[in-house]
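Residue numbers start at 1 and run along the sequence shown. Each ligand, and each atom within it, is numbered from 1 in the order the structure gives.
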Amino acid sequence: MPAPALDSPTDATVADERRLQELFDATIAAEHRIEPRDWMPEGYRRTLIRQIAQHAHSEIIGMQPEGDWLLAAPSLRRKAILLAKVQDEAGHGMYLYSAAETLGADRADLTDKLIEGRQKYSSIFNYPTLTFADVGVIGWLVDGAAICNQVPLCRSSYGPYARAMIRVCKEESFHQRQGYELLMTMMRGSDEQRAMVQDAVDRWWWPSLMMFGPPDTDSPNSAQSTAWGIKRHSNDELRQRFVDMTVPQAEFLGVTLPDPDLALDAATGRHRFGPLDWDELKRVISGQGPRNAERIARRRAARDDNAWVTEAATAYAAKRTGHV
Ligand code: FAQ
């Protein structure tokens, strides 16, 4: 007689996997955190690496548009503020790459994937910063949108990502306030300065709304990411929240948001807004945005030109630990 099927190692493994999956599902259902040492389904790990890596890449590429103004900032005070902000974004990238490493990803490999176009970064950083008002508008709108999107991620189900987001959000709030303060200062200035602010708002408004991703009807990752507690709100919900939050700020600032359809719906208390150009988002994500090639070329040069630093640090660490 052959041994009963249940005694086979394969069945034991299957039963173990089922128990682990049940434990994982119960942890998610109870709103507890998954930690790096915990078992997790492969799809959950892959989804997190994808999202966290894209987020980290966005922070690092996101240093470029504002970084372009570091040498031309109009005063020492504005230069010091901008330098601190750009450095903060580098820090955010580092926390996020560390969070991805807890899932088994390799930082250098993630950077290679970004440079080779195998991983994405936020569409917003492919637009040019034409005047210093763009620096203020990035703080106000881009950091504002980032906060809207990232505050719910502080409750994301993966512990290291959620904890990284808490610190990132605190710093992003500062960034948003400094942008708004810069714009308020310019709006109190000359007609020319006010016109610069309005022009920057006209160029950044729609791309900022696109940061939240495709509409819910065309968002392939949303359902599973929500079921896993990675995403807490849909792309459209967060976009709506951002519009509702920003309209009164625009009124206070004295700028016009470039959308003739923008109107408060008295019944819901929410703002209706015009259609987004989803073809533009697709073009920018696929590398055809106004600054995609330049952003990636600069990131590639930074990796290649600074390779000797990594090599020296790695050799030094190996020497200290005796692994020569
Ligand atoms: N740009 O199915 P979904 C910042 C991709 S940080 C490019 O809806 P998901 C701070 C998406 O990856 C800004 N790609 O995807 C700062 C997916 O492609 P895949 C970054 C986009 O993941 C301020 C495909 O389209 N923030 O600004 C975009 O469920 C100032 C289908 O989309 C984060 O990364 C886009 N806008 O939802 C720094 C936050 N939208 O991977 C410097 C974390 C979508 O299947 C200066 N990420 N895609 O090939 C998230 O919350 C989510 O990943 C979403 C997308 C909401 C971005």
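The pair Arg194-Asp191 counts as a salt bridge, with a side-chain nitrogen and a carboxylate oxygen less than 4.0 angstrom apart.
A heavy-atom cutoff of 4.0 Å around ligand 1 is satisfied by the protein residues Arg50, Gln51, Gln54, His55, Ser58, Glu59, Gly62, Glu66, Lys85, Glu89, Lys120, Tyr121, Ser122, Ser123, Phe125, Val142, Asp143, Ala146, Asn149, Gln150, Leu153, Tyr161, Glu172, Met210, Met211, Phe212, Gly213, Pro214, Ser219, Pro220, Asn221, Lys231, Asn235, Ile285.
Under the 4.5 Å side-chain criterion, counting only non-hydrogen atoms from C-beta, Gln150 is in contact with Val168.
Each salt bridge (Lys or Arg N to Asp or Glu O under 4.0 Å) pair with one or both residues in residues 219-245, not counting sequence neighbours, appears once here: Glu31-Arg232, Asp236-Arg239, Asp244-Arg270.
Partners of Arg272 according to the salt bridge (Lys or Arg N to Asp or Glu O under 4.0 Å) rule, which considers only residues two or more places apart in sequence or in another chain, are Asp265.
Other residues sharing a hydrophobic cluster with Leu76 under the 4.5 Å side-chain heavy-atom criterion for ILVMFWY residues do not exist; the residue is a singleton.
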TODO: Mind running side-chain contact (heavy atoms from CB on, under 4.5 Å) on Leu281 and Leu276 for me, showing each step along the way?
DONE: CA-CA 9 Å; Leu281 178 65; Leu276 276 74; over 6 Å; no

